[in-house]
Amino acid sequence: MNKFYITTAIAYTSQKPHIGNSYEIVLTDAIARFRRMQGHDVFFLTGTDEHGQKIEEKAKNAGVSPKEYVDKVAGEIREICDILNTSYDKFIRTTDDYHEAVVQKIFKKLYEQGDIYKSEYSGHYCVPCESFFTETQLVDGKCPDCGREVSQTSEEAYFLRLSKYQKQLEDYIETNPDFIYPESRKKEMVNNFLKPGLQDLCVSRTSFRWGVPVSFDEKHVIYVWIDALSNYITALGYSPEGSGELYKKYWPADVHIIGKDIIRFHTIYWPIILLALGEPLPKQVYGHPWVLCGNDKMSKSTGNVIYADDLVNRFGVDAIRYYLLSEIPFAQDGGLTYEMIIERYNSDLANNLGNLVNRTVAMVNKYFGGTLPCNTCEGEFDDDLKQAVLAVLPAVEKAFDSLHICDAAEAVINAAKRCNKYIDETLPWVLAKDEANNDRLSTVLYNLIESIRIIAVLLSPFIPDTSREILSQINSDITSYDSLKCFGVIPVGSSVGEAKPLFSRLDAEKVLAEINEELQKKAKEREKKEIPGIAQIGIEDFAKLDLRVAKIVDCQTVKKAKKLLQLTLDDGSGKPRTVASGIAAWYKPEDIIGKSVIVVANLKSAVLCGIESQGMILAGDCAEDDVKVVFVENMPEGTKIR
RNA sequence: CGCGGAGUGGAGCAGCUGGAAGCUCGUCGGGCUCAUAACCCGGAGGUCAGAGGUUCAAAUCCUCUCUCCGCAACCA
């Protein structure tokens, strides 16, 4: 029995995850379940990533301790994993004490062997930016962000020597072509990071406290990614001082399932940490695509967020699992709308699969009282059916091997389709009219029941509850992997149960109307809540802003930046002021030259794509993809706004 | 010229190691009645983004152009 270690990325506990975040665990679960079915000894890990500045801030805003905050969100996340019926073997939290202890040991080991070093001799700190840079990050010896002088001693931090392991990592990627998967992601990593040469990574922070402290230097907190990535081995009982049995058995991971946005951490930093620890590298990292809301990215500000638990309450777990697993492509982002869910639910689950099981079981009951007497009277369509049904397993195997999970789902559903066709070919209701055809009729129904059994078992990685329900209706408990490889293992004479619809058809219009009504209700509630929360600063805070009217005297596009326009402003001071603004998507230079805007005149300057930006101009986020600059009329340059 | 990907019938996608354009949904017509107005068959609908090129033959290879998306940089 081969071991199979599979993981999701651990979910960040800054807020409740939406359906796009939840896609990952469902995808991983399907793979884990399939491998178990094949007889692999599977260990399936998921969990939560709970440290970091963002969480510290969120907790502060919510008026609770970071731990309290994280306990709540981690609870929600785990609940969603359970609602989605995922079969994880372990749920790790980065606040678990054993994890924190091992992370400290890992950090210490890397420090002691010189792979992590204190930055004193190469430290460059930019005071205004509160940022820390390595020698190589400096631009002409100055801060790459603001271009000012940096000082040597103001801040110390620890760095991981990435460059030392670059060659080894490149070799590994070379000799394991499927390590970074899919291929296009590999190219991104190689071309954007490896080829230009890796820069040492800052792996400690002193600007906040919510993290794992460096054991030998307590004012430093370990960088969240070092902390988070280590979960894959701490969960198994890894320790630099000697690892436990689980680790020896399951590491290296067979595949890390992660979102495409964090490929870099998993294919560059993580392997290098492992190389430095002297541990084997994961065999594969699959960066899956995203679930989009229609064509848009799901985001809270747009208000188009959809949560897994809401969907499950409305449509059922298996409907949602099936949707995610069958609709989201292998490498391209997939869409999710209520319309699409209903469409797929009706066509695949209700009409095709559900109806097949229902009509077949009903016929067995109707014509034979639930017990088939014979399966030996073969006819002309039988071989074709058997061949088609037996061909599904190899197709599913192939799809899982290449992580094309939606293709696997499609292959199984197509088998159900083939069965529906077989019913029309063999016309059981015609056979039933003449008792002389009883044997043939029994054989036809037997072939259908056996096909349904195979389909049901193959559906178990995708829709486990439904799979069990189907098997219960046909009254079969033969579910072994080998039993999928030959046709006809259900014994003649066994009886079926009652025919109950698996998925009742949805009336799209009705369901959509209901959903709209609820969404509107929620939107109203939200409006009410948000307004009282605004008055949180005093007049003295506002007075810190120096807002002034300025006229745009020149404007140019910026070569290297898609989003930036470089504005030259007359703010009444007599000196031209340069401001870079991220409005290129909505404004062309000629549209705005000569107009007047409001500029935040006392904002500290910053360098963006090589331009020193001295302030910012005010603009409104009207919608997710619509920004409008605040133009003013009839006010002279330099007018103070308050 | 930073890197990578995508543009295929109304919608969503496959095909892309060159050899008569496919799948699902929708739509139209027919069949059937065991079943959840479900199922089965058939039709209509595409100059495979555009322009060149290689080839006996290109959606599939090469070049250029246009449009979208992602990564990187970055939205002050």
**Q.** Sequence neighbours excluded - ring pair (Phe, Tyr, Trp, His ring centres under 6.0 Å) pairs with any residue from residues 404-444 of chain A
**A.** A:Phe330-A:His404
Q: Find which nucleotide of RNA chain B each of A:Asn420 and A:Val579 is nearest to by heavy atoms, and output the residue with the more 5' nucleotide.
A: A:Asn420
Q) What is the distance from CD1 of A:Ile617 to C1' of B:C75, rounded to the nearest Å? A) 12 Å
Atom pairs and distances, side-chain donor-acceptor, residues 361-370 of chain A, under 3.5 Å, sequence neighbours left out:
{"residue": "A:Asn365", "atom": "ND2", "partner": "A:Val361", "partner atom": "O", "Å": "3.2"}
{"residue": "A:Asn365", "atom": "ND2", "partner": "A:Gly497", "partner atom": "O", "Å": "3.0"}

Q | ring-ring contact (aromatic ring centres under 6.0 Å, His included) partners for A:Tyr345, two or more places apart | A | A:Phe503
Q. Where the side chain of A:Arg359 is concerned, which of B:A35, B:G70, B:A38 is the nearest nucleotide?
A. B:A35
Might you list the N or O atoms of the protein lying below 3.5 Å from N or O atoms in nucleotides 28-32 of chain B, with each pair's distance?
{"residue": "B:G31", "atom": "N2", "partner": "A:Asp424", "partner atom": "OD2", "Å": "3.2"}
{"residue": "B:C32", "atom": "O2'", "partner": "A:Trp429", "partner atom": "NE1", "Å": "3.4"}

Q.
Looking at A:Asn346 and A:Leu506, would you say the former's side chain and the latter's main chain have a donor-acceptor pair under 3.5 Å?
A. yes
Q: Sequence neighbours left out, what passes side-chain hydrogen bond (donor to acceptor under 3.5 Å, both in side chains) with A:Thr466? Give chain and number order.
A: A:Asp318
Q) Which residues satisfy the salt bridge (charged side-chain N to carboxylate O under 4.0 Å, His left out) test with A:Arg344, sequence neighbours excluded? A) A:Glu327, A:Asp348
At a cut-off of 3.5 Å, list every protein nitrogen or oxygen paired with a nitrogen or oxygen from nucleotides 4-9 of chain B, distance to 0.1 Å.
{"residue": "B:G5", "atom": "OP1", "partner": "A:Lys187", "partner atom": "NZ", "Å": "3.4"}

Q. Which dot-bracket string fits RNA chain B when only Watson-Crick or G-U wobble pairs with both atom distances under 3.5 Å count, crossing pairs get [ ], and | stands for a partner on a different strand?
A. .(((((((.[[[[.)...(..]]]].(((((.......))))).....[[[[[..)....]]]]])))))).....
Q | A:Asp571: salt bridge (charged side-chain N to carboxylate O under 4.0 Å, His left out) partners, not counting sequence neighbours | A | A:Arg577
Q. Just checking A:Glu410: base, sugar-phosphate only, or nothing, at a heavy-atom cut-off of under 4.0 Å?
A. sugar-phosphate
Q) Does anything in residues 344-358 of chain A reach RNA chain B, meaning a heavy atom under 4.0 Å, and if so which residues? A) A:Ser347, A:Ala350, A:Asn351, A:Gly354, A:Asn355, A:Asn358
Q: Only counting residues at least two apart or in another chain, list the ones meeting salt bridge (charged side-chain N to carboxylate O under 4.0 Å, His left out) with A:Lys640.
A: A:Asp546
Q) A:Lys500 near the nucleic acid: base, sugar-phosphate alone, or nothing, with a heavy-atom cut-off under 4.0 Å? A) nothing
Q: Give A:Phe503 one of three labels, base, sugar-phosphate or nothing, depending on what nucleic acid heavy atoms sit under 4.0 Å from its own.
A: base
Q: May I ask you to say what A:Ala432 touches in the nucleic acid, namely base, sugar-phosphate or nothing, with a heavy-atom cut-off under 4.0 Å?
A: nothing
Q. With A:Glu339, which residues qualify under side-chain hydrogen bond (donor to acceptor under 3.5 Å, both in side chains), at least two apart?
A. none
